[in-house]
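Since the structure is predicted, the reported quantities are computational estimates derived from the model, not experimental observations.
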Amino acid sequence: MNTTTRAFTALLAVLALAFAVAACGSSSSSGSDTTTGTSSTDTGAPTPAADTTMIKKDPANAGKTLTIGSKNFAEQFILGEIYSQALEAAGFTVKKQLDLGSEQIALKALKAGNVDAYPEYTGTALTSFYRVKTQDVPADPAQSFDLLKSDAAKDNITAMPQTPFQDTFVVTSTQATAKKYGNPTTISELAAKAGSKTTLSGFPECRQRTDCLLGLNSKYNWKPKFVSSQGKYADLEAKQAEFTMGFGTDGEQLLKKYVHYADDKKLFPPYYVSLLTRNDAVPKLGAGGQKVIQDVQKPLTEKVMAELNSRVSIDKKKPEDVAADYLKAAHFIK
């Protein structure tokens, strides 16, 4: 089976699982869902039933132009394409700027009106934009989202409802490196066994973020040599670093060759996705456009998002094609 067929088959499988979970899951407000608190992958995520409504082109949206942005990595490209293609199907004219750069650059573009909206992670926005100390970010996803909505409103930004999935940081290594240090399972054990003589790679901003390297330094007393890089798993394979700051929905996390370590001291806050939208763009979206955004997010569990990411990072498909396959498989577009 070639990679394209494998990935599409896997996508259908995980979407079917998402639909099944929605059909039998409860709407309980306990747990850790984006809005209700339930687990997005295991217990009743707010995913659509199998009769998902096809997006209909609304004549009222004719002549309305929206510019959708994203940051500069695979998951962001895919999300940007999903929102863009869904809104196009609803009749909007959509312009795309899907490689803005870091979160600070993306926020600057949003505030300046260069983009109308872009997807951002709640924990990232709170700690990086609004200077909330990592330990002060509410662990409850609904509470952290409420805080983000309040802070974003001061910048004339509307935080759209969150996705069912979050993409948290995951300290990752190869199986061989884990064995070298006695197969630790938590970051605490890793810090004790690997100490400061090891190396950790991460995106450049990680060095200055309290929810990244600074937090690992202070909360875990782990001070590895930091390697600034966007390579992540490539860094591990090239032995440029023994550990890397991966993400929970990276496609590579589906591979058995890598090991990740539990955040036993709860350093990392919630990282659900909200489409941050300029207030002056909200009337253009209207109720219909906002519903489209919420609907296309609903099947996005961690497993679904990881599968989509794997199609870009492992199968080397284009993000726009992956997004289109997702929207078709979930019956949003033909």
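Under the side chain to side chain contact (heavy atoms under 4.5 Å, CB included) rule, Leu276 has a single partner from Asp116, Thr158, Asp155, Ile157, which is Ile157.
Shown here is Lys265, whose NZ atom has more than 12 heavy atoms of other residues, nucleotides or ligands within 6.0 Å.
No side-chain donor-acceptor contact under 3.5 Å links Tyr233 and Thr174. For the 3.5 Å distance criterion, the side chains of Tyr326 and Asp321 fail to qualify, holding no donor opposite an acceptor. The closest side-chain donor-acceptor pair between Gln253 and Thr172 falls under 3.5 angstrom. Between the side chains of Tyr258 and Asp250, no donor N or O sits under 3.5 Å from an acceptor N or O. For Asp167 and Tyr272, the side-chain atoms include no donor-acceptor pair closer than 3.5 Å. With hydrogens and angles left out, the side-chain atoms of Thr177 and Glu242 include no donor and acceptor closer than 3.5 Å.
Panel note: side chain Ser229, backbone Gly231; a donor-acceptor pair is recorded below 3.5 Å. A donor-acceptor distance shorter than 3.5 angstrom exists from the side chain of Asn61 to the backbone of Ala90, with no hydrogens or angles considered. No side-chain donor-acceptor contact under 3.5 Å links Asn217 to the backbone of Asn221. Checked by atom type and distance alone, the side chain of Asp315 never pairs as donor or acceptor with a backbone atom of Lys317 at under 3.5 Å. Under a 3.5 Å cut-off, the side chain of Asp235 and the backbone N or O of Gln240 do not form any donor-acceptor pair.
The stretch residues 100-113 participates, sequence neighbours left out, in these side chain to side chain donor-acceptor pair (under 3.5 Å) pairs: Glu103-Ser128, Glu103-Arg209, Gln104-Ser128.
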Expected list for residues 73-83: side-chain donor-acceptor pairs under 3.5 angstrom, two or more places apart:
| unit_1 | atom_1 | unit_2 | atom_2 | d |
| --- | --- | --- | --- | --- |
| Glu75 | OE1 | Thr249 | OG1 | 2.4 |
| Glu75 | OE1 | Asn309 | ND2 | 2.9 |
| Glu75 | OE2 | Tyr121 | OH | 2.7 |
| Gln76 | OE1 | Lys71 | N | 2.8 |
| Gln76 | NE2 | Pro119 | O | 3.1 |
| Gln76 | NE2 | Tyr121 | OH | 3.3 |
| Glu81 | OE1 | Gln85 | NE2 | 3.1 |
| Glu81 | OE1 | Lys96 | NZ | 3.1 |
| Glu81 | OE2 | Lys96 | NZ | 3.3 |
| Tyr83 | OH | Gln297 | OE1 | 2.7 |

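Take Asp280 and apply the side-chain contact (heavy atoms from CB on, under 4.5 Å) test, not counting sequence neighbours, and it matches Arg278.
A continuous path of Ile, Leu, Val, Met, Phe, Trp and Tyr side chains, each step under 4.5 Å between heavy atoms, connects Ile187 with Leu213, placing both in one hydrophobic cluster.
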Evaluate the ring pair (Phe, Tyr, Trp, His ring centres under 6.0 Å) criterion for residues Trp222 and Phe243: first the C-alpha distance (whole Å), next the side-chain angles of each, then the deciding distance (0.1 Å), finally the verdict. CA-CA 12 Å; Trp222 187 36; Phe243 300 91; 5.8 Å; yes
